[in-house]
> 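This is the structure, below, for whatever I ask next.
From a predicted model like this one, the values you see are computed outputs, not experimental measurements.
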Amino acid sequence: MKLQRSSCNILVQSSNVDLGNVLPDYARAGVIQVASKYFGNLNIAAVHFNREGDAYRCTVNVQMGALPMMSGEADDRNAYAAFRRALEKVAKQLRRAKRELREDKPQRLDKGIFLYEPEEVGRRANRQSDGDAPALRHLLEDASGWMPLEFGSGDGAHSIAAQ
C-alpha cells in the first residue's frame, strides 16, 4: 500500500536528548515504512525520546485513518534500538487491527451456541409440551454413556436407549 503523503505529519522530539540530524530522519523513515505497509493512511505520528539514567526511552504514537491511536514504548541503551523495539510494538498492533478488519476472515460457527445442562433441557422440553403434543425429554442416567430418550405422545410413550 502506498502512503498518502498529503496528510502525513510526523513529529520527532526529545525533552533531554540531543537528537542530531540522523535520528529524526531514521525515525520518520521507519514510521513511514510501517504506515505504508499496513494501511497507507497516516494521520499523525509522534516519536518522543527521553533519557533515563544510562538508557533511552522511546515512545511511538501512530494514528492511521479512523483507527484509534496505537502506542508503543521501549527502553534500551541505544536510542536506535529503543526506537526499533517501540516501532515493532506499534506494527504488531496495526497488524492485529488489519487482521481484524479483513473481510476474508473466517467466521466461527460455534460462537453463538449456548449449551444447556441436561436437567435444563428436560425442564424446557416439559414446559414446551402441552397436553397431547409430542415432547422430547433428555435424561442422563449414569456416567456410562447411555442416554435414554423418551418420546411422549397423546396415545403412548416410546423409549429408546442410545449410546
Side-chain angles (χ1 to χ4, degrees), residues 1-125 127-128 136 138-140 142-147 149 162-163:
M1 223 176 260
K2 197 165 193 170
L3 182 67
Q4 299 172 359
R5 291 184 184 255
S6 62
S7 64
C8 179
N9 185 14
I10 302 172
L11 178 66
V12 180
Q13 61 185 1
S14 173
S15 59
N16 58 358
V17 178
D18 181 27
L19 298 177
N21 294 331
V22 180
L23 185 57
D25 293 338
Y26 180 78
R28 284 188 188 93
V31 169
I32 288 171
Q33 180 185 8
V34 167
S36 64
K37 181 177 182 180
Y38 291 107
F39 288 100
N41 189 12
L42 178 66
N43 291 345
I44 191 165
V47 180
H48 186 79
F49 291 94
N50 194 9
R51 181 80 183 219
E52 294 181 355
D54 61 344
Y56 292 94
R57 177 180 294 263
C58 180
T59 305
V60 178
N61 296 317
V62 175
Q63 215 260 310
M64 306 277 298
L67 294 174
M69 182 76 74
M70 306 289 179
S71 181
E73 190 171 38
D75 293 333
D76 201 288
R77 295 182 80 111
N78 184 351
Y80 291 90
F83 169 73
R84 282 192 302 268
R85 286 183 40 214
L87 191 62
E88 285 174 6
K89 291 179 183 182
V90 170
K92 182 185 251 186
Q93 292 173 15
L94 289 170
R95 183 172 55 248
R96 288 179 176 172
K98 185 174 182 178
R99 186 182 311 141
E100 190 174 312
L101 292 174
R102 277 195 333 226
E103 293 178 358
D104 60 339
K105 181 178 165 185
Q107 298 292 325
R108 283 186 49 189
L109 299 176
D110 63 339
K111 190 172 185 178
I113 295 176
F114 184 76
L115 301 176
Y116 294 106
E117 293 294 324
E119 296 84 23
E120 180 68 19
V121 172
R123 282 192 295 258
R124 286 179 180 271
R127 270 189 257 136
Q128 291 174 355
L136 176 65
H138 295 272
L139 301 172
L140 285 175
D142 58 3
S144 66
W146 289 93
M147 180 171 44
L149 300 174
Q163 186 174 16

> To the nearest 0.5 Å, how far apart are CG in N61 and CD1 in I10?
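Answer for the CG-CD1 pair, N61 versus I10, is 12.5 Å.
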> Surrounding CG of N78 (heavy atoms of other residues, nucleotides or ligands, distance under 6.0 Å), is the total greater than 12?
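Yes, CG of N78 has more than 12 neighbouring heavy atoms, counting only those of other groups under 6.0 Å.
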> Answer yes if the side chains of N9 and N43 hold a donor-acceptor pair under 3.5 Å, and no otherwise.
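There is no such pair between these side chains.
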> Mind checking side-chain contact (heavy atoms from CB on, under 4.5 Å) for L11 and listing every partner two or more places apart, or none if nothing turns up?
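Scan of L11 (side-chain contact (heavy atoms from CB on, under 4.5 Å), adjacent residues dropped) gives Q13.
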> Could you report the tightest heavy-atom contact between A74 and A82, atom names first, then the distance?
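Taking every non-hydrogen atom into account, CB-O, 3.5 Å.
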> Taking atom OH of Y26 and atom OH of Y80, what is their separation to the nearest 0.5 Å?
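The OH atom of Y80 is 8.0 Å from OH of Y26, to the nearest 0.5 Å.
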> Give a yes or no on this: more than 12 heavy atoms of other residues, nucleotides or ligands lie within 6.0 Å of atom CZ of R96.
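Open: at most 12 neighbouring heavy atoms sit under 6.0 Å from CZ of R96.
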> Between atom CZ of R85 and atom CG of D75, what is the distance when rounded to the nearest 0.5 Å?
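Reported value, rounded in 0.5 Å steps: 7.0 Å.
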> Under the salt bridge (charged side-chain N to carboxylate O under 4.0 Å, His left out) criterion, do K89 and E73 qualify, and how do the steps go?
CA-CA 8 Å; K89 291 179 183 182; E73 190 171 38; over 6 Å; no
> Using the rule given for side-chain contact (heavy atoms from CB on, under 4.5 Å), can you reason through L19 versus V17, listing the C-alpha separation, both sets of side-chain angles and the distance that settles it, and then say yes or no?
CA-CA 6 Å; L19 298 177; V17 178; 4.3 Å; yes
> Tell me, please, whether Y56 has R51 positioned over its six-membered ring: NZ or CZ under 6.0 Å from the ring centre and within 45 degrees of its axis?
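Ring-cation test returns yes.
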> Between V47 and T59, is a side-chain contact (heavy atoms from CB on, under 4.5 Å) present by the stated rule, with each step listed?
CA-CA 6 Å; V47 180; T59 305; over 6 Å; no
> Are side-chain heavy atoms of D54 and R77 found at a separation under 4.5 Å?
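Yes, side chains in contact.
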> Check step by step if side-chain contact (heavy atoms from CB on, under 4.5 Å) holds for V12 and F49.
CA-CA 8 Å; V12 180; F49 291 94; 4.1 Å; yes
> Can you tell me how far OG of S36 sits from CE of M64, rounded to the nearest 0.5 angstrom?
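OG of S36 is found 8.0 Å from CE of M64.
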> Roughly how far, to the nearest 0.5 Å, is the CD atom of Q93 from the OH atom of Y38?
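Separation between the atoms: 11.5 Å.
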> First locate atom CZ of R28, then atom CD1 of I32, and finally report the distance between them rounded to the nearest 0.5 Å.
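So the gap between those two atoms works out to 8.5 Å.
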> Would you call F39 and V62 a side-chain contact if the rule is heavy atoms closer than 4.5 Å?
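Side chain of F39 against side chain of V62, heavy atoms only: no contact under 4.5 Å found.
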> Any idea which heavy atoms bring V90 and V60 closest together, and the distance?
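Closest approach of V90 to V60: CG2-O, 3.6 Å.
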> Report yes or no: does S15 contribute a side-chain atom to a donor-acceptor pair with the main-chain N or O of N50 at less than 3.5 Å?
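Absent.
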